[in-house]
2 protein chains.
Amino acid sequence: MTEPEWQERLRASGHRLTKQRAMILEAVENLGHATPDQVHAEVRRTSPSVNLSTIYRSLEVLNELGLVRHAHLSDRAPTYHSATGEEHAHLICRDCGRQTSVSRKELAAALGGLVDGKGFQPDYGHLTIFGWCQTGCHEQVEQPSA
Amino acid sequence: MTEPEWQERLRASGHRLTKQRAMILEAVENLGHATPDQVHAEVRRTSPSVNLSTIYRSLEVLNELGLVRHAHLSDRAPTYHSATGEEHAHLICRDCGRQTSVSRKELAAALGGLVDGKGFQPDYGHLTIFGWCQTGCHEQVEQPSA
DNA sequence: TTGGTTGCAAACTATTTGCACGCGA
DNA sequence: TCGCGTGCAAATAGTTTGCAACCAA
């Protein structure tokens, strides 16, 4: 995502270019995967007055414009990530919490036949597959880093 | 799930057989797919005094024992369904809200090669794939029946 | 009898909304 | 200037928890 591109997409859609939106987009790109709360904390490091509700409203706009994506990596909060990187789905182990990424390409190859037959186009980047590592991950009880 | 089987599973795991648990299990089986709130409403039709927190606590126990399953069909509440029927995943259209079921068998056939290679065993019954119907569903704005 | 279960109320977490002010275009 | 966007506080929605009474075993 080049600097001017996201600015242009905002304007083209009738939205305004604000400091907050810039900071939020940057925070998401820096953090990798982050919940709204984590984005808030990151943004506050440099701008303590930014409100949580602004985070929610902005993430929604950025998401609609395809500037960020989100997935549900836990039953709780959604996690947002940059839309710059390759679109990918997540595999999550219920025992050890380990996250594995699967590229859109790989997934589409596997699921394509099945969903095409049903006239359905999956949102691969939003997909999270819960399950279990097949090999002794029971030994690790660590949770994924917050 | 035969009558005595779930009773046995409860006892075998050191839990007690209560009217509430029986009613909740029955409600889930009658409703097909239902949120905790909807289960609560259903149970209340015959027993108005049952509390919502009992619904949550019971669904958790029943889920642990494999007597019910749940998936996240919306970003809001989880929906529970019977574990008696065939294990299945869900496809959900973001435009028209239509839900389609995919059997565990079908999905496992498609995803097997991919996840086996990663040493991962998916929880197919918990899987929800969001996306879009490929054919003009834009015309229907109906939401799925509650 | 006894400890798992429940009802109730309050606490919590995540998210949304109304409103007046501020700022981008 | 105009009206979208923001900060703030309060409202919502969903879920969890402490505790005393209750009841299945």
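Just so you know, these numbers use all the heavy atoms, side chains as well, and skip hydrogens, waters and symmetry mates. All chains are named by letter (A, B, ...) in the order of the sequence lines, taking the proteins before the strands, and each is independently numbered beginning at 1.
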Original post:
Any side-chain donor paired with an acceptor under 3.5 Å for Thr35(B) and Asp37(B)?
Top reply: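 Absent: no donor and acceptor within the cut-off.
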
Original post:
Out of dT15(C), dG24(C), dT15(D), which nucleotide sits closest to the side chain of Pro78(A)?
Top reply: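 Within the option list, the nearest is dT15(C).
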
**OP:** Among dG24(C), dT15(D), dT5(C), find the nucleotide with the atom closest to the side chain of Arg16(B).
**Re:** dT5(C)

Original post:
Any chance the rings of His70(B) and His81(B) have centres within less than 6.0 Å?
Top reply: no

Original post:
So, His33(B) versus His88(B), ring centres under 6.0 angstrom or not?
Top reply: yes

Subject >> Residue mapping more 5' on DNA chain D - nearest nucleotide basis, Asn51(B) or Pro48(A) >> reply: Pro48(A)

**OP:** Just do the salt bridge (charged side-chain N to carboxylate O under 4.0 Å, His left out) check on Arg11(B) and Glu8(B) with the steps written out, would you?
**Re:** CA-CA 5 Å; Arg11(B) 261 198 227 92; Glu8(B) 171 139 0; over 6 Å; no

Without decimals, in angstroms, what is the distance between [X] [atom1] and [N] [atom2]?
| X | N | atom1 | atom2 | result |
| --- | --- | --- | --- | --- |
| Tyr80(A) | dT15(C) | OH | C1' | 10 Å |
| Leu10(B) | dC23(D) | CG | P | 19 Å |
| Asp75(B) | dA14(C) | CG | C1' | 12 Å |
| Glu64(B) | dG4(C) | CD | C1' | 14 Å |
| Ile55(B) | dT6(C) | CD1 | P | 10 Å |
| Glu60(A) | dT16(C) | CD | C1' | 10 Å |
| Met23(A) | dG5(D) | CE | P | 15 Å |
| Gln38(B) | dT15(D) | CD | P | 11 Å |

Distance below 4.0 Å between [X] side-chain N/O and [N] OP1 or OP2:
| X | N | result |
| --- | --- | --- |
| Tyr56(B) | dT16(D) | no |
| Arg11(B) | dA25(D) | yes |
| Gln20(A) | dG7(D) | yes |
| Arg21(A) | dG5(D) | yes |

Subject >> 5′-ward residue of the pair Leu52(B)/Arg76(B) relative to DNA chain C >> reply: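 Result of the comparison: Leu52(B).
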
Subject >> Ser53(A) or Asp37(A), whichever maps to the more 5' nucleotide of DNA chain C >> reply: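 This one resolves to Asp37(A).
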
Original post:
Do other residues, nucleotides or ligands put more than 12 heavy atoms under 6.0 Å from Lys118(A) NZ?
Top reply: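 Yes, because the 6.0 Å sphere around NZ of Lys118(A) holds more than 12 heavy atoms from other groups.
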
**OP:** Using a 4.0 Å heavy-atom cut-off across all strands, classify Arg57(A) as base, sugar-phosphate, or nothing.
**Re:**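 Counting heavy atoms under 4.0 Å across all strands, the contact made by Arg57(A) includes a base.
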
